[in-house]
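Here is how names work: the chains are called A, B, and so on, in the same order as the sequence lines, proteins then strands, and each is numbered from 1. Computed over heavy atoms, backbone and side chain alike; hydrogens, waters and symmetry mates excluded.
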Protein chains: 2
Amino acid sequence: MMLVDRSSKEAFPTMGGSNERTDQASTRDRLVEAARQLFLVKGYEATGVAEILREAGVNSGSLYYFFRSKEALLLAVLETYKRLLAPEVLDPVFAAERDPIARVFGVLEGYRQMLTLTQCRMGCPIGNLALEMSEKSEPVRVGIAENFDGWKRAIEQCLIDAGSRLPQGVNRSSLATFILTVMEGGVMQARAHRSLAPFEESVRLLRDYIDRLMQAAASASAGEGTGASKGELGT
Amino acid sequence: MMLVDRSSKEAFPTMGGSNERTDQASTRDRLVEAARQLFLVKGYEATGVAEILREAGVNSGSLYYFFRSKEALLLAVLETYKRLLAPEVLDPVFAAERDPIARVFGVLEGYRQMLTLTQCRMGCPIGNLALEMSEKSEPVRVGIAENFDGWKRAIEQCLIDAGSRLPQGVNRSSLATFILTVMEGGVMQARAHRSLAPFEESVRLLRDYIDRLMQAAASASAGEGTGASKGELGT
DNA sequence: GTCTATAGAAGGATAGAC
DNA sequence: GTCTATCCTTCTATAGAC
């Protein structure tokens, strides 16, 4: 969940080189990383270009050499988030959990960790941007939607992998959307209340719902349908 | 859901007065209303004081006569939202629906209407501010949390009114939090995708969950407990 | 690719007359 | 309570040397 960009291959140009610094990422990467951090902590509008420059140790001219505008820098940040979803958010959880349902809740646990580590000050970086920026720039809105899509697809795959443990009539795509909904709504309230409770309660009820779905699927496959799982749901 | 401030009693100072205008609210009210609209559409940081002034037809000096700062104006906006929750959001729904569960979904339907009317550009005004402002000012964060609390309490009362239709073990407060979670998360995704679908899917699955809870309660009261509703949930 | 310097607009807030 | 004028800072972005 740290979302540190480990994929910066330019990060170690030292072997045999004349550069003495061992952790010097490229100028462009430092700009994107500084912007990512600041947009996460303060939001887009409240972050000044000067601040990004200072944090990255870069001069104005260089920023506008790589990026047309502050907004273009935000688009690069959104690309970074898409790229980091698997290595930073999913893979660690999936490596520790093989059960597809446990994986879903493992991902949610990761967000709980971020809330814990930041005293409920930081949640989902995409959620922040979604509400702040969706109406201000169509390319940005699309970048945000793509991030949501990537997250949702990963969860949806878990639900598909759960196979017959979930009722046939439950649309996996809709349930994945629902899980993202619960995550984002829970994070929002946790931040507003500066308390983990709303997030934890929300996840607990989500778990109860999914437990009930799985019970219904088990009952149905045992030939004793309860009548509760008839018909297509969430389509 | 229009959240127009009908409670401005100063709005009609015409009878026998010398003022020719019929819809002239007080200067302070016009400032709060203009700020409310602009913060909703553009967010707090992206809204300039000059813009608020122009929209309200007020001069800079007057704003700072009534409010210490832009942030103080935001606090007044948050107070307005608290005051408008009942007359603008709850009462119209509650007048049309007597069933407490139907009332809950009637409130959610109101948010769907707002998304529809704005082509998914506007959702919950408090949700926007929650993610943008929770870390920037403690008084603002508290004002946001109070707005969430008011909303949650109203929903919780509906759930309490539902009585034994919901299982005993389901904590009404947690379920109310969960409903707010689904509303906010659904609105967020609807705006990011500019599509009603994520909101509608989320509400549909919420309804399925509550249906299953009510079925479990009915089964339990019929003396044929399924084992699914044992124990305290959401505490 | 990086540097300094700065343009030009917009930001929030204040002073002081009326 | 309201007006105009304006202070000072910060903003994004550019110019042009190196």
Side-chain angles (χ1 to χ4, degrees), chain A residues 8-11 13 17-21 24-39 41-77 129 132-133 136-137 139-140, chain B residues 8-11 13 17-21 24-39 41-77 129 132-133 136-137 139-140:
Chain A
S8 290
K9 299 310 183 194
E10 309 88 335
S18 55
N19 192 332
E20 309 240 336
R21 301 166 74 172
Q24 188 69 324
S26 76
T27 298
R28 186 183 187 284
D29 284 358
R30 276 180 294 137
L31 282 167
V32 174
E33 176 58 18
R36 193 183 65 72
Q37 285 280 356
L38 286 163
F39 293 165
V41 174
K42 313 185 51 173
Y44 176 83
E45 299 284 358
T47 298
V49 170
E51 231 168 333
I52 298 170
L53 262 21
R54 178 160 25 82
E55 197 67 25
V58 168
N59 296 303
S60 172
S62 295
L63 190 160
Y64 289 98
Y65 172 80
F66 289 108
F67 301 99
R68 171 179 302 181
S69 64
K70 184 184 173 188
E71 179 182 321
L73 181 52
L74 172 58
L75 290 172
V77 168
L129 294 169
E132 185 181 4
M133 301 299 294
K136 290 176 190 158
S137 153
V140 169
Chain B
S8 291
K9 299 310 181 194
E10 310 88 334
S18 56
N19 191 333
E20 308 239 336
R21 302 166 73 171
Q24 188 69 323
S26 76
T27 298
R28 187 182 187 284
D29 284 358
R30 276 180 293 137
L31 281 166
V32 174
E33 176 58 18
R36 192 183 65 73
Q37 285 280 355
L38 286 164
F39 293 164
V41 174
K42 312 186 50 172
Y44 176 83
E45 299 284 358
T47 298
V49 170
E51 231 168 334
I52 298 170
L53 263 20
R54 179 160 23 84
E55 197 66 25
V58 167
N59 296 303
S60 172
S62 294
L63 191 160
Y64 289 98
Y65 172 80
F66 289 108
F67 300 99
R68 170 180 304 186
S69 64
K70 184 185 173 187
E71 179 183 319
L73 182 51
L74 171 58
L75 290 172
V77 167
L129 294 169
E132 185 181 3
M133 301 300 295
K136 290 176 191 158
S137 154
V140 169

Rounded interatomic separation in angstrom, taking CG from A:Leu74 and C1' from D:dT12: 15 Å
Spacing between A:Leu53 atom CG and C:dA5 atom P, to the nearest angstrom: 15 Å
Only pairs at least two apart or in different chains count here, so list each ring-ring contact (aromatic ring centres under 6.0 Å, His included) that has a residue in residues 44-73 of chain A. A:Phe39-A:Tyr44
How many whole angstroms separate atom CZ of A:Arg30 from atom C1' of C:dG1? 12 Å
Under the side chain to side chain donor-acceptor pair (under 3.5 Å) test, residues paired with A:Ser137 that sit two or more places apart: A:Glu71
Roughly how far apart are A:Arg28 CZ and A:Leu63 CG, rounded to 0.5 Å? 10.5 Å
If you only use heavy atoms from C-beta on, which nucleotide in C:dA13, D:dT2, C:dT2 is closest to the side chain of B:Lys70? C:dA13
Determine all donor-acceptor pairs shorter than 3.5 Å in which one atom belongs to a side chain in residues 51-60 of chain A; sequence neighbours excluded.
unit_1, atom_1, unit_2, atom_2, d
A:Glu51, OE1, A:Lys42, NZ, 3.3
A:Glu51, OE1, A:Gly48, N, 3.2
A:Glu51, OE2, A:Lys42, NZ, 2.7

Protein-nucleotide distance (A:Leu38, atom CG; D:dT10, atom C1'), rounded to Å: 16 Å
dist A:Glu33:CD -> A:Leu38:CG (nearest 0.5 Å) comes out at 9.5 Å
Take atom CG of A:Asp29 and atom P of C:dG1, then tell me their distance rounded to the nearest Å. 12 Å
Let me know the distance between CD of B:Glu71 and P of C:dG11, rounded to the nearest Å. 18 Å
In whole angstroms, the gap separating P of C:dG11 from CD1 of B:Ile52 amounts to 10 Å
Listed by chain and number, what are the side chain to side chain donor-acceptor pair (under 3.5 Å) partners of A:Thr27, not counting sequence neighbours? A:Arg30
Residues touching DNA chain D, which here means a heavy atom under 4.0 Å, drawn from residues 54-69 of chain A: A:Ser60, A:Tyr64, A:Ser69
Measure CG/A:Leu31 against C1'/C:dC3 and give the value in whole Å, please. 14 Å
